[in-house]
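Have a look at the structure below, then the notes.
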Amino acid sequence: MFWLSKTGMHELAHPHFADADASYEDARYAVFGVPYDGTTSFKPGTRFGPRAIRELSFNFESYEPSTGIDLADVPVTDLGDLEVVKVPEALVDQVADVTGDIVRDGKVPVMLGGEHTATIGAVRAVEPEVYVVCDAHLDLRDELDGTPYSHGCVTRRALDTVEDVVIIGARSGDFEQFAVAAERTQLYTADTVRERGIGAVLREVREHIAGKRVYLSIDADAIDCCLTPGLGTPEPFGLTPLDIREVVRALAPHAAGFDYVEVAPFDSGQTAAVAAQMVREFIARHWVAGR
């Protein structure tokens, strides 16, 4: 059923996400990692992201005060990491197969990255009506380094599956990509968020997605690299961790799938800590909304 394994994680004291102790059969949320950075174009290392996110997840209390729930009481399972293949198109197929199984079993997929390429497969499997992504980069290239299945093509490939795409936090892309974004997406740049405020942006986004099936993807580099420097493709002048928290809190109730990707843990743990906390926030907010 799953091409998943906990091999390679034996050095961790806890080889799973914190409080993800439910059986697969009982779980509402299925966490899995994709330790892949095969198309990285600047600094490698995101293949170590899932391990770092899991490790940092044990830093936090299970009680989630903003919702008043204890995550230890929420049925979450951690399936381990995908045993990834090297070819990016095959990797996308692997992720689509695993995510499809999770969705067909009535569970919510929560993916830990690893580079953003994996999201292409997850979106294909979830088949959302709206794809919402927080990212420093537009990722609207049709091809990069000889493949259309690159971390720089993720949102372009999402447009092959989903007509409605919302981008929050972008501040990097060539002229062609910004033209595609203006024509085919609803774009809120990092400057727009700073000028209007994340609350105003999210009120508009919530109105836009009301009643629709959503996939929510968070690229770690949406956050200003001066705040969370564990990134393969760092960009300054971005969103803040609090902005991302507001995005997750506002949109988690609408999401049928979620990922946090592009954590390259060669900092002091800041980037993975934010990722782990956002996974917790997603699960808590989604669980409360569905009760």
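Criterion: ILVMFWY side-chain heavy atoms under 4.5 Å apart, direct or through other members. Under it, V110 and L56 are not part of a common hydrophobic cluster. V248 and V288 fall within the same hydrophobic cluster, defined by Ile, Leu, Val, Met, Phe, Trp and Tyr side-chain heavy atoms under 4.5 Å apart, directly or through other members. Hydrophobic clustering, with ILVMFWY side chains joined whenever heavy atoms are under 4.5 angstrom apart, groups V98 together with V34. V103 and M111 end up in the same hydrophobic cluster when Ile, Leu, Val, Met, Phe, Trp and Tyr side chains are linked at under 4.5 Å.
Not counting sequence neighbours, the partners of Y149 by the side-chain hydrogen bond (donor to acceptor under 3.5 Å, both in side chains) test are R124. Qualifying salt bridge (Lys or Arg N to Asp or Glu O under 4.0 Å) partners for R28, counting only residues two or more places apart in sequence or in other chains: none. Scanning for side-chain hydrogen bond (donor to acceptor under 3.5 Å, both in side chains) contacts around R171 gives an empty result, with sequence neighbours left out. Applying the side chain to side chain contact (heavy atoms under 4.5 Å, CB included) criterion to D73, with sequence neighbours excluded, gives D70. Under the side-chain hydrogen bond (donor to acceptor under 3.5 Å, both in side chains) criterion, S268 pairs with no residue, sequence neighbours left out. Shown here are the salt bridge (Lys or Arg N to Asp or Glu O under 4.0 Å) partners of R196, two or more places apart in sequence or in another chain: E204. Residues that satisfy the salt bridge (Lys or Arg N to Asp or Glu O under 4.0 Å) test with K43, not counting sequence neighbours, are absent from this structure. Under the salt bridge (Lys or Arg N to Asp or Glu O under 4.0 Å) criterion, E281 pairs with R249, R285, not counting sequence neighbours. Applying the side-chain hydrogen bond (donor to acceptor under 3.5 Å, both in side chains) criterion to D142, with sequence neighbours excluded, gives R157.
The CZ atom of F17 sits 8.0 Å away from atom CG of L71, with the distance rounded to the nearest 0.5 Å. Atom CG of L231 and atom CG of D221 lie 6.0 Å apart (nearest 0.5 Å). The CG atom of D145 lies 8.5 Å from the SG atom of C153; values are rounded to the nearest 0.5 Å.
Looking only at distances, a side-chain donor or acceptor of D243 sits under 3.5 Å from a matching main-chain atom of T240. Of the possible polar contacts, none joining the T77 side chain to the A27 backbone as a donor-acceptor pair under 3.5 Å is found. E235 places no side-chain N or O within 3.5 Å of a backbone atom of A222 that could act as its donor or acceptor partner. Remark: side-chain polar atoms of D224 are paired, donor with acceptor, to backbone N or O of F237 under 3.5 angstrom. The backbone N or O of D105 lies less than 3.5 Å from no partner atom in the side chain of D101, so there is not a single donor-acceptor pair. Using a distance-only test at 3.5 Å, with no hydrogens or angles considered, a donor-acceptor pair links the side chain of T189 to the main chain of T192. For E246 (side chain) and L202 (main-chain N/O), no donor-acceptor pair under 3.5 Å exists by modelled atom type.
Counting only residues at least two apart or on different chains, the ring-ring contact (aromatic ring centres under 6.0 Å, His included) pairs with a member in residues 250-275 are F258-F282.
Under the 3.5 Å distance criterion, with hydrogens and angles disregarded, no donor-acceptor pair is assigned to the side chains of T147 and S150. In summary, the side chains of T40 and H151 do not present any donor paired with an acceptor at a separation below 3.5 Å, with no hydrogens or angles considered.
Between I218 and I244, the closest side-chain pair of non-hydrogen atoms falls below 4.5 Å. Looking only at side-chain heavy atoms (C-beta outward), V84 and V95 stay at 4.5 Å or farther from each other.
Aromatic pair H16/F58: centroids less than 6.0 angstrom apart.
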Exercise for review: Go through V74 and D19 one step at a time and tell me if the side-chain contact (heavy atoms from CB on, under 4.5 Å) criterion holds.
Suggested key: CA-CA 8 Å; V74 179; D19 303 311; over 6 Å; no
Exercise for review: Kindly indicate, with the supporting measurements, whether the criterion side chain to side chain donor-acceptor pair (under 3.5 Å) is fulfilled by T67 and E64.
Suggested key: CA-CA 6 Å; T67 55; E64 206 293 298; 2.7 Å; yes
Exercise for review: Go through the steps to decide whether T271 and V274 satisfy the test side-chain contact (heavy atoms from CB on, under 4.5 Å), and finish with yes or no.
Suggested key: CA-CA 5 Å; T271 310; V274 172; over 6 Å; no
Point to revise | CA sep, side-chain torsions, deciding dist, call: L227, Q270, side-chain contact (heavy atoms from CB on, under 4.5 Å) | key: CA-CA 8 Å; L227 301 174; Q270 305 97 304; over 6 Å; no
Check your understanding: Between V261 and E115, does a side-chain contact (heavy atoms from CB on, under 4.5 Å) hold up when you go through it step by step?
Key -> CA-CA 6 Å; V261 299; E115 72 169 54; over 6 Å; no
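Surrounding OH of Y63 are more than 12 heavy atoms belonging to other residues, nucleotides or ligands, all under 6.0 Å away. In the displayed structure, E143 atom CD is contacted under 6.0 Å by more than 12 heavy atoms of other residues, nucleotides or ligands.
Checked against T119 for a side chain to side chain donor-acceptor pair (under 3.5 Å), the options T155, T99, D259 give a single hit: D259.
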Determine all donor-acceptor pairs shorter than 3.5 Å in which one atom belongs to a side chain in residues 175-183; sequence neighbours excluded.
unit_1: Q177; atom_1: OE1; unit_2: D139; atom_2: N; d: 3.4
unit_1: Q177; atom_1: OE1; unit_2: L140; atom_2: N; d: 2.9
unit_1: Q177; atom_1: NE2; unit_2: D174; atom_2: OD1; d: 3.3

Under 3.5 Å, sequence neighbours excluded: what are the donor-acceptor pairs made by side chains of residues 125-136?
unit_1: E129; atom_1: OE2; unit_2: R213; atom_2: N; d: 2.8
unit_1: D135; atom_1: OD1; unit_2: H137; atom_2: N; d: 2.9
unit_1: D135; atom_1: OD2; unit_2: H116; atom_2: ND1; d: 3.3

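With a 6.0 Å cutoff to the six-membered ring centre and a 45° limit on the axis angle, K107 counts as a cation-pi contact of Y24.
Nearest heavy atom pair, residue A118 against residue L91, reads CA-CD1, 4.0 Å.
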